[in-house]
Protein chains: 2
Amino acid sequence: MAKEKIIDKGAAIRQAALTMIVDEGLHGLSMQRLAAKAGVSPGTIYLYFENRLDMLHQLYLEVRQRSDQAMLDGFSATMDFAAGLRVLWHNTFRYFVAHPIEFRFTEQFINSPLVAAVLDQEDPNARQQRRDFYARAIQNEQIADLPVEVYWAIAFAPLYQFIRFALEGSLHLPGDFQQLESKLEITLTRVIKALQK
Amino acid sequence: MAKEKIIDKGAAIRQAALTMIVDEGLHGLSMQRLAAKAGVSPGTIYLYFENRLDMLHQLYLEVRQRSDQAMLDGFSATMDFAAGLRVLWHNTFRYFVAHPIEFRFTEQFINSPLVAAVLDQEDPNARQQRRDFYARAIQNEQIADLPVEVYWAIAFAPLYQFIRFALEGSLHLPGDFQQLESKLEITLTRVIKALQK
DNA sequence: TAAAAATGAATGAACGTTCATTCATTTGAT
DNA sequence: ATCAAATGAATGAACGTTCATTCATTTTTA
């Protein structure tokens, strides 16, 4: 009943584009070489995307949507602060360790001027959930009443730096993932301490 | 005795290149448009740089050298941990708030695959000083005996995130810089708390 | 006036994008 | 059940432009 192999050209293009960007940079993505790598003709790309810039925007929004979704798995803004932050941290860490190409693509994109064009198109639900969580934690006196930039810089920047380390390192060695998760836990514990009243 | 105006073409090229990259991305830097913007002919660029890639590498290493120098101003690895970290944070913050283009260029570059080619050419003295400072702080029990990734993620990631916020925000408004420095100080205090034994 | 610095026209390769064309599949009339 | 008509996904050659780079020539400096 099921087809033996459905060749989804749109998916092939997306996949090839991400790895090309990660390997060669945003400037290294040429439409003709992308077509060759995706096993598709140049014209085909333009059936799926309006143009090169539109493709980059779409790629980012899709990748970002998926990681935002993964981050919120099992999370609720009404959770106890330490428990909620732990969920956010572990979800994010696991998702990006499993999807390193998406992590590096995201980092390249958000550090390029391209990001300005899509900032307002990011998932508003994810954003709102994180906001509510922060507001509630202050209200319940689970964390100090810190300015939002201070809160954000302490609560999340170490997480992303830690993921960067994890992806640079020797993740292929056995046992490394567990060791990393335990170091992540140490980091998280101290971050929570830093935010408390 | 001094010339009225010394036109340093090398400096004009470097300056124009940085702003072009910040405004249009690494892929937006074309040699011909760069020449036009720097008020120089295309061939002139090749008197100062071997080729486009060499220029990007040199730009990064020079920018990085200057920010590393600024960061270490008045710092010594033998300082008390809290005092030393405060010097590093404020130096870095002030330098990049005064040089936003260099900050954004650096962020773009280190998040691109180009960084791999120059990682081993970064200032080894700056690196060693930071290492010594970390080792001493543990030895003197001024901070907990944390894995280096944990230490680094907590001690510096919030600083760079905070600079990112500062550069996005309305720095041109009067009084904003002082307000930012006081928020930086709040962040630093909590980071130090997170690292202590 | 000799040397050094700078020029800018020229080059071929590569770029993003277009579009006339193909053809396997789906539709609908019989 | 048959088959002509219609569809639209996919192609890839071709377009005009822009790319990084070169080098014979001119300008500036000392």
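Quick note on labels: first sequence line is chain A, next is B, and so on, each numbered from 1.
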Quick one: [X] [atom1] to [N] [atom2], roughly how many Å, whole number?
X	N	atom1	atom2	result
B/Leu56	D/dA20	CG	C1'	12 Å
B/Ile45	D/dC23	CD1	C1'	16 Å
B/Asp54	D/dA20	CG	C1'	14 Å
B/Met31	C/dG8	CE	C1'	15 Å
B/Leu47	C/dA6	CG	C1'	7 Å
B/His27	D/dA20	NE2	P	12 Å
B/Leu53	D/dT21	CG	C1'	14 Å
B/Leu34	D/dT18	CG	C1'	15 Å

Classify the angle between the aromatic ring planes of B/Phe103 and B/Tyr160 as parallel (below 30°), tilted (30 to 60°) or perpendicular (above 60°).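 Answer is parallel, since the angle falls under 30°.
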
Which part of the nucleic acid does [X] contact within heavy-atom distance under 4.0 Å: base, sugar-phosphate only, or nothing?
X	answer
B/Leu29	sugar-phosphate
B/Thr44	base
A/Phe49	nothing

Before you tell me yes or no, could you show the steps for A/Arg66 and A/Gln69 under side chain to side chain donor-acceptor pair (under 3.5 Å), namely the whole-Å CA-CA distance, both residues' side-chain angles and the distance that decides it to 0.1 Å? CA-CA 5 Å; A/Arg66 286 197 294 272; A/Gln69 261 336 96; over 6 Å; no

Evaluate side chain to side chain donor-acceptor pair (under 3.5 Å) for B/Tyr60 paired with B/Glu122, printing each intermediate quantity in order. CA-CA 9 Å; B/Tyr60 171 71; B/Glu122 288 176 14; 2.8 Å; yes

Establish, with yes or no, whether the OP1 or OP2 oxygen of [N] is under 4.0 angstrom from a side-chain nitrogen or oxygen of [X].
X	N	result
A/Tyr46	C/dC19	no
A/Ser30	C/dA14	no
A/Tyr48	D/dA9	no
B/Arg33	D/dA20	no

When you measure from the side chain of B/Arg52 to the backbone of B/Leu29, do you find a donor-acceptor pair of N or O atoms at a distance under 3.5 Å? yes

Donor-acceptor pair, side chain of B/Trp89 and main chain of B/Ala155, under 3.5 angstrom: yes

Once hydrogens and angles are ignored, does a donor-acceptor distance under 3.5 Å link the base of C/dA14 to the side chain of A/Gln32? no

5'-most by nearest nucleotide on DNA chain C - B/Ser41 or A/Arg52: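 Checking each residue's closest nucleotide, the 5'-ward one belongs to B/Ser41.
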
Counting only side-chain heavy atoms from C-beta out, which of D/dA10, D/dT22, C/dT7 sits nearest to A/Lys9? D/dA10

Choose from D/dT11, D/dA13, C/dA9 the nucleotide whose nearest atom is closest to any side-chain atom of B/Pro42. C/dA9

